[in-house]
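Since the structure comes first, as structure tokens, the remarks are kept for the end.
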Amino acid sequence: MSTYADWERANSRVLADQLALLRARLERLARTNAGETRGDSAQVALSPAPSSAWLGRLFKRDARALIGGAVTPELVTPAPAAVAVPVSDAPADAASPLPALTILVQRLGLSDFERDVLLLCAAMELDTRIALLCAQAQHDDSKPYPTFALAMALFDQPAWDAMSPERPLRYWRLVDVASSAAQPLVGSLLRADERIVSYLKGANYLDERIAPLVVALAEPTFELPSSQQSIADAIVDRLQNAEAGAVPIVQLLGSDAASKQLIAACVAERLGLRAHRIAAEAIPATLAEQETLLRLWQRECALLPLALYVDAFETDRVGPAGVALQRALARFGGLVFLDTREPWPLDRATLPVDIAKPTPAEQRVLWNQALGADHAAAADRPAVHFDFGANAIRAAAGAALALAQGDAQKLPALLWTQCIAGARPVLDQLAQPVETKARWDDLELPPAEKALLRQIADQVEHRGTVYDDWGFRARMNRGLGISVLFAGESGTGKTMAAEVIANELGLLLYRIDLSAVVNKYIGETEKNLRRLFDAAEAGGAILLFDEADALFGKRGEVKDSHDRYSNIEVNYLLQRMEAFRGLAILATNMKSALDQAFLRRLRFIVRFPFPGVVEREAIWRRALPAAVRTGAIDHARLARFNLTGASIHSIALNAAFLAARAGLPVGMPMLLEAARLEFRKLEKPVNEGDFRWLGGAEAQA
């Protein structure tokens, strides 16, 4: 069986023979120009093509249709070291494989004369004697380089149209013409493209002008979940049955980029291709730069087995980047995947395909496979709370197993930590993570409300059992998430309650910045909300909408276009909340301002009453940490102040600073002084007598 090294040696011998014949022809032309007898001219006989039987064995038949436009070569299987010039598994007595120059000629459609011109230009980089011979052959020491004029005098059957920008030499940028206004085209310097010279030598790599713009998608190393594998099979079937030059752009729709890339890489591998990702913003907007990129990519598709994955998920279709991308997509050669949320209308046939994460049942199977049968139980909680794709599951499981080092007792906690780290949603400026420290004992609420909060936490914890094990998911298409309203005055413990639930479940809590979400430009608010919910859903995060009435307000009467779009935002929000698979907590001190249609969709409404005297005294007793030095404190008197829990904690903190400055324990004088400042801050009436401390006599009384 042949190897790449065997092909490389054979290619080098053929190339050396071709260069020797070229030197001989140049020498003969130089002698002729010097007045010597011309005699019979030698022929630059490039190696003849092997028997056609080799073609079927050298190239993959199923990739024939994947190159569009004027060039329709068959793509080759990559050889080691990123070299895609193949060596077949043909029998030992078969003819020698095609040399690189012959492959290039066939794939890019060069004529014999154009082939010889390309060899002449490449020879300048491969043989230092060629420059001197070019000057001698042109009888001009100032021209130690190839020109079209030299090629027409040097080779048989010269073709004037080889200089045309529409012919392969210049269209595919195989040679560069260093022309100027003072010099005719026929006498201008010709230089072979560096990428092409390397290709002729057998080094087949991605052009350096394209390489910085693209990243190779990781090839799948495992079997896809059945729901995704069926999609990949359908795409492959459609592409294999497409007519040559009419391959559709595969539009991958949905919000999960990781699953899209996995399916695209799988499809490309099935077709003998390697998918590379490019960001839509990296495609030039100017026509000249875009034309260069398009031609170079089409050329690369002819020389390498490539497919293009265009990431346009965040690209505005009607914006500058979107318009430039649509223009480019109509002309990109080869197989193209377009990553977008919704279908784009394009001037080329498309194949829209909806892509989603593996189903919950498939995710559970993936967890079991990644952890192994001995540790499958460790994935019970992660499988419920995190909506991960196949790659994320394997990454989290692999990291946890490596850290556990065979300790099965440590594995569940390590696995949960890895899931939290990998699931941290990228919410940009739309939300802020909340550090959760509050516990159940920190909440001072009536028993009924506290029991309701525990019920919320229980439903989140056991949703996998009810939805999947007991079959409720199969009977429901919406309402799988848990939407909760916390209603009460500011400072009554709504945010603390959210912290408690997040702490209990071990999940991330994010407070939504409404000023960043709501945008005055039409359509931007929906886009921000979509990004917000998608990121939170994938990472199992809890969303806390503080002052929710600002975003979930009542839909009003339509008086102008702004009212209409405001109602659209509310309608979209209601639908997205209902489809959200996680826990969304809305906090408001104006429950009456919320849209009634939204209230009907809530699963729980928890009321946070203003704390009474008994609740306030309990809050005061826990307000100071155990490490604080305290003096005599009359908690019953402090509880008579009509304050919320948030104000009480603020007073305790300010009193601690007063005590620290004075170097004394925290006592009633500091607490009363801090309380008086809090009343002034809240613009409440202050009776100075209420904040006077008489010392031990008052304490005894």
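Heads up: numbering here begins at 1 and tracks the sequence.
- Listed by chain and number, the residues in a side-chain contact (heavy atoms from CB on, under 4.5 Å) with E499 are V434, T436, A438, T495, L509 (sequence neighbours excluded).
- Using a 4.5 Å heavy-atom cutoff, the side chains of V250 and L239 are in contact.
- Using a 4.5 Å heavy-atom threshold, the side chains of F332 and L338 count as separate.
- Legend: residues meeting salt bridge (Lys or Arg N to Asp or Glu O under 4.0 Å) with E223, ordered by chain and number and at least two apart, are absent.
- Applying the side-chain hydrogen bond (donor to acceptor under 3.5 Å, both in side chains) test to pairs two or more places apart or on separate chains, those with a residue in residues 387-405 are Q363-D387, D387-R581.
- Side-chain contact between Q418 and L403 is present, with at least one heavy-atom pair separated by less than 4.5 Å.
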Inset, instruction - Step by step, work out the side-chain contact (heavy atoms from CB on, under 4.5 Å) result for W416 and H385. - result: CA-CA 10 Å; W416 187 262; H385 293 287; 3.6 Å; yes

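- Qualifying salt bridge (Lys or Arg N to Asp or Glu O under 4.0 Å) partners for E281, counting only residues two or more places apart in sequence or in other chains: none.
- With sequence neighbours left out, the side chain to side chain donor-acceptor pair (under 3.5 Å) criterion links R341 to D534.
- Under the 4.5 Å side-chain criterion, counting only non-hydrogen atoms from C-beta, H462 is not in contact with V384.
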Using the rule given for side-chain hydrogen bond (donor to acceptor under 3.5 Å, both in side chains), can you reason through S226 versus E362, listing the C-alpha separation, both sets of side-chain angles and the distance that settles it, and then say yes or no?
CA-CA 8 Å; S226 58; E362 290 173 339; 2.9 Å; yes

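- Annotation: salt bridge (Lys or Arg N to Asp or Glu O under 4.0 Å) contacts of D468 (sequence neighbours excluded): R473.
- Between D207 and W297, every side-chain heavy-atom pair lies at or beyond the 4.5 Å cut-off.
- Applying the side chain to side chain donor-acceptor pair (under 3.5 Å) rule to S490 yields no partners; only residues at least two apart in sequence or on another chain are considered.
- Smallest separation of non-hydrogen atoms from G491 and T644: O-CB, 3.2 Å.
- Applying the salt bridge (Lys or Arg N to Asp or Glu O under 4.0 Å) criterion to E444, with sequence neighbours excluded, gives R622.
- Closest approach of F486 and A498 over heavy atoms only: CE1-N, 3.9 Å.
- Other residues, nucleotides and ligands contribute at most 12 non-hydrogen atoms within 6.0 Å of the CG atom of D441.
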Ignoring hydrogens and angles, write down the donor-acceptor pairs under 3.5 Å from the side chains of residues 446-456, residues two or more places apart or on other chains.
{"residue": "K450", "atom": "NZ", "partner": "W440", "partner atom": "O", "Å": "3.2"}
{"residue": "K450", "atom": "NZ", "partner": "L443", "partner atom": "O", "Å": "3.1"}

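- The number of heavy atoms from other shown groups lying within 6.0 Å of CZ (F222) is above 12.
- A salt bridge is defined here as a Lys NZ or Arg NE, NH1 or NH2 lying under 4.0 Å from an Asp or Glu carboxylate O, and D546 with K494 fails to meet this definition.
- Partners of R364 according to the side chain to side chain donor-acceptor pair (under 3.5 Å) rule, which considers only residues two or more places apart in sequence or in another chain, do not exist here.
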Practice item. Could you walk me through whether W344 and I249 pass side-chain contact (heavy atoms from CB on, under 4.5 Å), step by step? Key: CA-CA 10 Å; W344 282 26; I249 293 176; over 6 Å; no

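- Side-chain atoms of C266 and I263, non-hydrogen and from C-beta on, never get closer than 4.5 Å to each other.
- Taking R317 as the reference, nothing meets the side chain to side chain donor-acceptor pair (under 3.5 Å) condition, with sequence neighbours excluded.
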Under 3.5 Å, which donor-acceptor pairs link side chains of residues 306-313 to any protein atom two or more places apart or in another chain?
{"residue": "Y309", "atom": "OH", "partner": "D339", "partner atom": "OD2", "Å": "3.0"}
{"residue": "D311", "atom": "OD1", "partner": "F313", "partner atom": "N", "Å": "3.2"}
{"residue": "D311", "atom": "OD2", "partner": "R277", "partner atom": "NE", "Å": "3.4"}
{"residue": "D311", "atom": "OD2", "partner": "R277", "partner atom": "NH2", "Å": "2.8"}

